[in-house]
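Note on naming: letters A, B, ... go to the chains in the order of the sequence lines (proteins, then strands), and numbering restarts at 1 for each one.
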Protein chains: 4
Amino acid sequence: MSPRPKNPPPDRRGEILEAAFRVFAEKGYRAATMAEIARAAGVTPAALYYYFPSKADLFRAAVTERRSQLQPALAALASPDARELPPREFLGALLRAMADFLADERTRAVIRILLAEGPRDPSLVAIFQEEVYGNIGAVLGYLEQHMAQGNVRPMDPRVFLLFFQGPLLAMVIFRDLLRLGPYRDLPNPALVEPLAETILAGLVPEKR
Amino acid sequence: MSPRPKNPPPDRRGEILEAAFRVFAEKGYRAATMAEIARAAGVTPAALYYYFPSKADLFRAAVTERRSQLQPALAALASPDARELPPREFLGALLRAMADFLADERTRAVIRILLAEGPRDPSLVAIFQEEVYGNIGAVLGYLEQHMAQGNVRPMDPRVFLLFFQGPLLAMVIFRDLLRLGPYRDLPNPALVEPLAETILAGLVPEKR
Amino acid sequence: MSPRPKNPPPDRRGEILEAAFRVFAEKGYRAATMAEIARAAGVTPAALYYYFPSKADLFRAAVTERRSQLQPALAALASPDARELPPREFLGALLRAMADFLADERTRAVIRILLAEGPRDPSLVAIFQEEVYGNIGAVLGYLEQHMAQGNVRPMDPRVFLLFFQGPLLAMVIFRDLLRLGPYRDLPNPALVEPLAETILAGLVPEKR
Amino acid sequence: MSPRPKNPPPDRRGEILEAAFRVFAEKGYRAATMAEIARAAGVTPAALYYYFPSKADLFRAAVTERRSQLQPALAALASPDARELPPREFLGALLRAMADFLADERTRAVIRILLAEGPRDPSLVAIFQEEVYGNIGAVLGYLEQHMAQGNVRPMDPRVFLLFFQGPLLAMVIFRDLLRLGPYRDLPNPALVEPLAETILAGLVPEKR
DNA sequence: CATGAATGAGAATTCATTCAT
DNA sequence: GATGAATGAATTCTCATTCAT
């Protein structure tokens, strides 16, 4: 009957968002129920509707909230200080940072949601696209500059991104999402170091 | 030709499986309803239960059926004749074949289902794992042989697979599943040819 | 568990429509619940959705069904044989028939629904308008003919309708719908006979 | 003028009552939500409960309040000065006044509520019954006197009321509530003048 | 084989109401 | 006086599933 816990809860909205994201990531949008999210947030289902008009809105808000939480990590990938480094070091550092970023539990949850719901919900993809491309754009700028100087083999930037994002993404998908047996105990560096070497061998021609 | 008197009895089971797979791939397991699958198959929902005991079973059967349909294409990836080629040619051919395989509409549907449902259903992943690894194993055998001969840089085979599956998978995910704007008009060869060159540059040392 | 009563129910749809109309008339659209309608029809709420896609559709169907049930009585009001009578007899007969029609339980239920929901739902009104006007049109035709012959004082037909429908409608509203104390025991003839006389006195000039 | 220091304290209660009546009249009791009423009144739903214990009480209070607003208009219908007139003039004046009263927007809203909720809520009807009958009683008194004098044909007063209220009520229902096409542009006098003539022709015998 | 009819168990959502502040 | 936050009890609607025929 009493609609209120005694001590004022500090940030119900945030707690709900957090709980909702967890449940959505674990179960997927359809299988996640408002009742379960409410339980996870320690409130009643009706409380969810006090803060968000619908399940779809809660989902969107939860995802957007998570995006902004990831924002600093994403921005760090394009940190200005790394851009002083020569291509080999820069790319190595970038690969390591990106591997850590992708393998982070919070990022993985986003990837899971994006892969599960994105194909049916382009607007969901759009939430991240802008953000990601804004930060990756800085990286591409660095590369284009060095391509122009002949330090890096000229290449379609999209292809370049696939080169080093692809293996990392595949690792996260196989190892962390699908939990394929053979990949289960593959540590990040086991992929990243050979990847850096191999890709760089192909990308940065005359240094070899 | 056949002495069968009536018009060929329709392969109801097969049609249902086909329709079910389409609907599951498009909507995801939870959002796909038995009614919609039935409609897609041209039967009533009750008929589904004549052939399959439950939605979960139908899903599993539909996925398994699709796996066996992809089987020939997968097997071709490990075709014995390509294994006569030297590493550069072999790897190039493999990359091209795999890119075509991954980008094929039927494969994409499987990937979509695996990415969406796999994280919550390890047994679903298992259905494909065996199959895929059986065929990829042949490829790995080839490589191990050449690594031993010094023709290919020695490397963890899992990492090797990530190297060349990763970018292809990423391309399919970005371009075909998430339909990211920038990737929408990236043709397979635009990725595959630079990928072959670059990776090979790193993988096959003395040729450079 | 058993989804089916043993002996096949003869006309579930009709029963549901009937029950729905009763409940809608008694409670109004909003206050009537699918659960109560189901109970009244002896089925489960889900069964309602087997026959009708939504509550709104069920409402509409129930009202339309009732309209067609009333159709014969309405048509009788414009029966051709009464049209052979001279104006005084014709109007008297019409008034009596209409009073009986309006005071009939089934008609009253329609009036109740129309008065309660009509102001917010013009399409509901439209369901009856056509029907009613079709039949009343015949009456008006008779009158116009006699107006032309000078047997009936010329008059706007809408006003004419208000003249003799109005008191009858008011009687039904006061007596049967609002159950105003003073009207509770006013029998139809107590209104109809003076009404016939009085109105006719004004309407059929030279006969007096 | 007034020595009150601050800006006049708003009549919250009155505003709420006003807003509540509007919303109830437009949507009906069930469909009207406390939230919407609060919004219309410019307060929060909780504030409603400061002034009224429940939705039902608010409804009742809003209706009663409106009744007292209509009171003067109702009383005017039985104004003493008109009672000096001879029957023909008196009845004509009464008809005109009543038509104006019924067609007034505020009265219409009351009628709408009474027709929609009255059948399920006798106590709602009672709120007005007393009021109305008190004032109409005066009119009936006038008539009874003239009936006794032979100036008006003797008649059950309830029937008399139906005679001239009925067409007016029907006009308001058809034209203003149900918005029936044919009645939409029927002005009050188009009904009232013929009605006066016709009814009087029947009611006031020797003048004809 | 196949279906029409039906259902039980949820699911999202609404809403009058409460109460500490 | 007034409100923000919250809730319990409906309510509409969905859907996998059943089974007599």
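Contact annotation: D/R12 side-chain N/O to F/dG1 OP1/OP2 distance is not under 4.0 Å.
Rounded to an integer number of Å, the gap from CG of A/L48 to P of E/dA11 is 14 Å. Distance B/Y51 OH to F/dA16 C1': 19 Å, rounded to the nearest Å. When the P atom of E/dT14 is taken as reference, atom NZ of A/K55 falls 14 Å away, rounded to whole Å. At whole-Å resolution of the value, CZ in B/F52 and C1' in F/dT18 are 18 Å apart. Atom CG of D/D57 is separated from atom P of E/dA16 by 14 Å (rounded to the nearest Å). Atoms NZ (D/K27) and P (E/dA16) sit 12 Å apart, rounded to a whole Å. Atom CD1 in D/I37 sits roughly 12 Å away from atom C1' in E/dC15 (whole-Å rounding). Atom OH in B/Y49 sits roughly 16 Å away from atom P in E/dG4 (whole-Å rounding).
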Distance-only donor-acceptor pairs under 3.5 Å for side chains of residues 23-31 of chain D, two or more places apart:
{"residue": "D/K27", "atom": "NZ", "partner": "D/E36", "partner atom": "OE1", "Å": "3.4"}
{"residue": "D/K27", "atom": "NZ", "partner": "D/E36", "partner atom": "OE2", "Å": "3.2"}
{"residue": "D/Y29", "atom": "OH", "partner": "D/A56", "partner atom": "N", "Å": "3.2"}

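Atom CD of A/Q71 has more than 12 heavy atoms from other residues, nucleotides or ligands within 6.0 Å.
Mapping A/A35 and C/P45 onto DNA chain E via the closest heavy atom, the residue that lands nearer the 5' end is C/P45. Ranked by how close their nearest DNA chain F nucleotide is to the 5' end, D/A46 and C/Y29 are led by D/A46.
Between C/V63 and C/R67 the shortest side-chain heavy-atom distance does not fall below 4.5 Å. The closest side-chain heavy-atom distance from C/M34 to C/L58 is below 4.5 Å. No side-chain heavy atom of B/L177 sits less than 4.5 Å from a side-chain heavy atom of A/L115.
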Evaluate side chain to side chain contact (heavy atoms under 4.5 Å, CB included) for B/F21 paired with B/E65, printing each intermediate quantity in order.
-> CA-CA 9 Å; B/F21 187 89; B/E65 167 77 1; over 6 Å; no
D/L70 vs D/R106, side chain to side chain contact (heavy atoms under 4.5 Å, CB included): CA-CA, chis, key distance, verdict = CA-CA 8 Å; D/L70 296 183; D/R106 301 172 86 83; 3.9 Å; yes
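The pair D/E105-D/R108 does not meet the salt-bridge criterion, since no charged nitrogen lies less than 4.0 angstrom from a carboxylate oxygen.
Nucleic acid contact for D/A32: sugar-phosphate only, since backbone atoms but no base atoms lie under 4.0 Å from a heavy atom of the residue. At a threshold of 4.0 angstrom between heavy atoms, the contacts of C/R30 are confined to the sugar-phosphate backbone, with no base atom among them.
Considering only side-chain atoms of D/M34, the nucleotide from E/dC19, E/dC15, E/dA16 that sits closest is E/dA16. Of the candidates F/dT3, F/dA16, E/dG4, E/dG4 carries the atom nearest the B/T44 side chain, counting heavy atoms from C-beta on. Proximity note for D/Y50 (side chain, C-beta onward) versus E/dC15, F/dG1, E/dT3: the nearest is F/dG1. Of the candidate nucleotides F/dT11, E/dC15, F/dT17, F/dT11 has the atom lying nearest to any side-chain atom of C/T33. When each of E/dT17, F/dT7, F/dA2 is scored by its nearest atom to the side-chain atoms of A/V43, the top-ranked nucleotide is F/dT7. Closest approach to the D/A47 side chain among E/dC15, F/dA2, E/dG8 is made by F/dA2 (side chain taken as heavy atoms from C-beta onward).
Listed by first residue number, the stems of DNA chain E with at least three Watson-Crick or G-U pairs below 3.5 Å are E:2-21 with F:2-21.
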